[in-house]
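All chains are named by letter (A, B, ...) in the order of the sequence lines, taking the proteins before the strands, and each is independently numbered beginning at 1. Hydrogens, waters and symmetry mates are skipped; everything else that's a heavy atom, side chains included, is used.
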Protein chains: 2
Amino acid sequence: MTAHILHPLVRKLQTVFDLSEKEKEAVLTLPFLVRELKAGQDIVREQDRPSQCCVILDGFAFRYKIFDEGRRQILSFHIPGDIPDLQSLHLEVMDHSLATLVPTRVAFIPHHALQALLHAEPKIAGAFWREALIDASIFREWVGNIGRRPALARLAHVLCEIFTRIRALGLSDDHSFPLPVTQEELADAMGLSTVHVNRMMMELRAGGLIRTPRRAIIIENWEGLKEVGQFDPAYLHIRRSVL
Amino acid sequence: MTAHILHPLVRKLQTVFDLSEKEKEAVLTLPFLVRELKAGQDIVREQDRPSQCCVILDGFAFRYKIFDEGRRQILSFHIPGDIPDLQSLHLEVMDHSLATLVPTRVAFIPHHALQALLHAEPKIAGAFWREALIDASIFREWVGNIGRRPALARLAHVLCEIFTRIRALGLSDDHSFPLPVTQEELADAMGLSTVHVNRMMMELRAGGLIRTPRRAIIIENWEGLKEVGQFDPAYLHIRRSVL
DNA sequence: GGTTGATGATGATCTATGTTAGTGTTCTTG
DNA sequence: CAAGAACACTAACATAGATCATCATCAACC
């Protein structure tokens, strides 16, 4: 049961909500279709009208929007267990796109199956709603991160957030984690230029806060990084027990 | 019935969802407590654990967060009919604050009454969920607005958004609307300095796009303003019929 | 009805970040 | 294994927007 394909979803829900065995079971018996996607592939696009939601099983994804003249804004990063397009259950038309960052395995679950689940298990409906609200909370934090923090703090904050979310899933016990993100992608997520992200990255390294081996991050000084990024995880609304 | 105190809430829900008479009735019979608040007063604060939600009946409110050294980021503006702290139904602790912009009348509805309503009227639960998702969509747009648009476009976009939301409620038939917001507040909403907001405001006026009589905005050239702000209302997910 | 405080409007100056134009290194792929 | 693409990194220069300081206007209030 632990090895069930949808297990990442259950694990994720448990980081924000306490599920009973029966409820876990109900989630795990959802019908789904697995697809393996290459890196940099769109999963859904702005203006699409999806009839299913996708669960990230393995890999990384991100949401984005293209502004004038091809300026891209990355809106969020997604890790295994996330359902980044859950909103399509209630909002017909996508207002942004969703793509993979690396080769990623996703499970597609038909809307009607999810609707049925939410109907049958009101507590799970609550958990999903909660998920969506946390999503919104993260966007709020990003608004402030981009609007009111200088570049160095902005970068530190993003790294703290990703690490905290990954650790809450139990995907990192020490202080290192995969970060399959290019500096260009980081720049698009933070409203900066790639050149400046590079400079800030170097500054964090020079300060002994992080190391950046190939496609990963090792946090050398967690307290220091939190300090620089003014990071307080309250906005992630993660259950105390898994934080 | 039309003059019921909670009517603004019904009117608002109808901009995003089609309500039956029975459902309207269920909303209007919610128990509530009205309070008149002065300008600049907090309604709920970060870290609070509310046991009720508030509906803006009359006036304007905004959500905000204080970052390092008192730098404030305004996260959203709220108009009559909005329930800005609906999230407290599912997220115990507030991750931001909510305050009035001008003297404002709000109705407080106990969580348990809302829970009961959502249980009794699943379609209304859907409408509320939809509301919350639209909220998130607006935050996403703001992330991009702040991250990827220059100051002039950013300002134009914010004005377009507020106007569109106000007009969807039927609170403005021509092209003028109340905007009881100081340039400082606009600055905090857009991640700019007040001085620069002032300059951009003057530029919009000089371009014949808007006029700004006391505490209000008159849009002189709607198409032009949309153009400058790259405004596409799709992200507001407003029903076609009221747009 | 004058005083006070908030807000809007300016100008001079400074700086964080953007832009452009590269170089070198590593990964992919034929 | 060679060739090409991504990607990280660097430097010189450009600029949007921040800061600081001042003054004008207007509303609120004793």
Side-chain angles (χ1 to χ4, degrees), chain A residues 38-41 60 67-74 99-103 145-156 158-159 178-206 210-217 228, chain B residues 38-41 60 67-74 99-103 145-156 158-159 178-206 210-217 228:
Chain A
K38 299 203 202 96
Q41 240 184 304
F60 286 85
F67 288 79
D68 45 310
E69 328 271 307
R71 296 176 70 85
R72 177 177 67 168
Q73 176 69 46
I74 291 183
T100 58
L101 218 39
V102 289
N145 196 36
I146 296 175
R148 285 296 180 224
R149 274 199 274 256
L152 188 68
R154 217 183 286 183
L155 175 57
V158 167
L159 296 179
L179 190 74
V181 168
T182 66
Q183 295 186 348
E184 185 181 358
E185 284 150 351
L186 275 178
D188 284 347
M190 300 191 297
L192 293 170
S193 68
T194 65
V195 174
H196 207 59
V197 167
N198 184 280
R199 293 195 271 245
M200 296 301 104
M201 212 78 188
M202 285 169 50
E203 199 169 327
L204 288 181
R205 279 186 307 227
I210 61 171
R211 278 190 299 136
T212 59
R214 46 176 64 261
R215 312 260 99 176
I217 300 272
V228 171
Chain B
K38 297 202 201 96
Q41 240 183 304
F60 285 86
F67 288 78
D68 45 309
E69 328 270 306
R71 295 176 72 88
R72 177 176 68 170
Q73 175 69 46
I74 290 182
T100 59
L101 218 38
V102 288
N145 196 35
I146 297 175
R148 285 295 180 225
R149 274 200 274 255
L152 188 69
R154 218 183 285 185
L155 174 57
V158 167
L159 296 179
L179 190 74
V181 168
T182 66
Q183 295 185 348
E184 185 181 358
E185 284 150 352
L186 275 178
D188 284 349
M190 300 191 299
L192 293 170
S193 68
T194 66
V195 174
H196 207 60
V197 167
N198 184 279
R199 292 197 266 250
M200 295 302 104
M201 212 79 187
M202 285 168 49
E203 200 170 327
L204 288 182
R205 280 184 309 226
I210 61 171
R211 277 190 300 135
T212 58
R214 46 175 64 260
R215 315 255 98 176
I217 300 271
V228 170

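Counting non-hydrogen atoms under 4.0 angstrom, R148(A) reaches nothing in the nucleic acid. Backbone-only contact: T182(B) has heavy atoms under 4.0 Å from sugar-phosphate atoms and none from a base. At the heavy-atom level, G40(A) lies nowhere under 4.0 Å from the strands shown.
The nearest whole Å value for the distance from the CG atom in L155(B) to the P atom in dA16(D) is 17 Å. With rounding to whole Å, M200(B) atom CE is found 16 Å from dT15(D) atom P. Spacing between atom CG of D188(B) and atom P of dA6(C) amounts to 16 Å, rounded to whole angstrom units. In this structure, L192(B) atom CG and dA16(D) atom P are separated by 14 Å, rounded to whole Å. Computed from coordinates, the I146(A) CD1 to dT17(C) C1' distance equals 15 Å when rounded to whole Å. For the pair E203(B) CD and dG8(C) P, the interatomic distance rounds to 18 Å; values are reported in whole Å. Between L101(A) atom CG and dA6(D) atom P the separation is 16 Å, expressed in whole Å. As a whole-Å value, the separation of I210(B) CD1 from dG8(C) P is 12 Å.
Closest non-hydrogen pair, V197(A) versus L155(A), comes out as O-CD2, 4.4 Å. Here the closest non-hydrogen pair linking M201(B) and I210(B) is CE-CD1, 4.2 Å. Taking each heavy atom of L101(A) and P180(A) in turn, the nearest pair found is CG-O, 3.7 Å. Residues V102(A) and F60(A) come closest through the heavy atom pair CG2-N, 3.5 Å. The heavy-atom pair separating R205(B) from M202(B) by the smallest distance is NH2-CG, 2.9 Å.
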* Output, in order, the C-alpha distance, side-chain angles, deciding distance and verdict of side chain to side chain contact (heavy atoms under 4.5 Å, CB included) for R215(A) and T182(A). => CA-CA 8 Å; R215(A) 312 260 99 176; T182(A) 66; 3.5 Å; yes
For nucleotides 9-12 of chain C, tabulate all protein N/O to nucleotide N/O atom pairs closer than 3.5 Å, reporting atom names and distance.
residue: dA9(C); atom: OP1; partner: R205(B); partner atom: NH1; Å: 3.4
residue: dA9(C); atom: OP1; partner: R205(B); partner atom: NH2; Å: 3.3
residue: dA9(C); atom: OP2; partner: Q183(B); partner atom: NE2; Å: 2.9
residue: dA9(C); atom: OP2; partner: N198(B); partner atom: ND2; Å: 2.9

With 3.5 Å as the limit, what N/O pairs link the protein to nucleotides 27-30 of chain D?
residue: dA27(D); atom: OP1; partner: R214(B); partner atom: NH1; Å: 2.5
residue: dA27(D); atom: OP1; partner: R214(B); partner atom: NH2; Å: 2.2

Could you list the donor-acceptor pairs under 3.5 angstrom formed by side chains in residues 186-196 of chain A, with sequence neighbours left out?
residue: D188(A); atom: OD1; partner: R148(B); partner atom: NH2; Å: 2.8
residue: D188(A); atom: OD2; partner: R72(A); partner atom: NE; Å: 2.8
residue: D188(A); atom: OD2; partner: R72(A); partner atom: NH2; Å: 3.0
residue: S193(A); atom: OG; partner: H196(A); partner atom: N; Å: 3.2
residue: H196(A); atom: ND1; partner: R199(A); partner atom: NE; Å: 3.1
residue: H196(A); atom: ND1; partner: R199(A); partner atom: NH2; Å: 3.3

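Each of H196(B) and E184(A) was assigned the nucleotide of DNA chain D with the nearest heavy atom; the assignment lying further toward the 5' end belongs to E184(A).
Remark: side-chain polar atoms of T100(A) are not paired, donor with acceptor, to backbone N or O of P103(A) under 3.5 angstrom. Remark: side-chain polar atoms of T212(A) are not paired, donor with acceptor, to backbone N or O of I217(A) under 3.5 angstrom.
For the pair R149(B) and dA16(D), the criterion of a side-chain N or O lying under 4.0 Å from OP1 or OP2 is not met.
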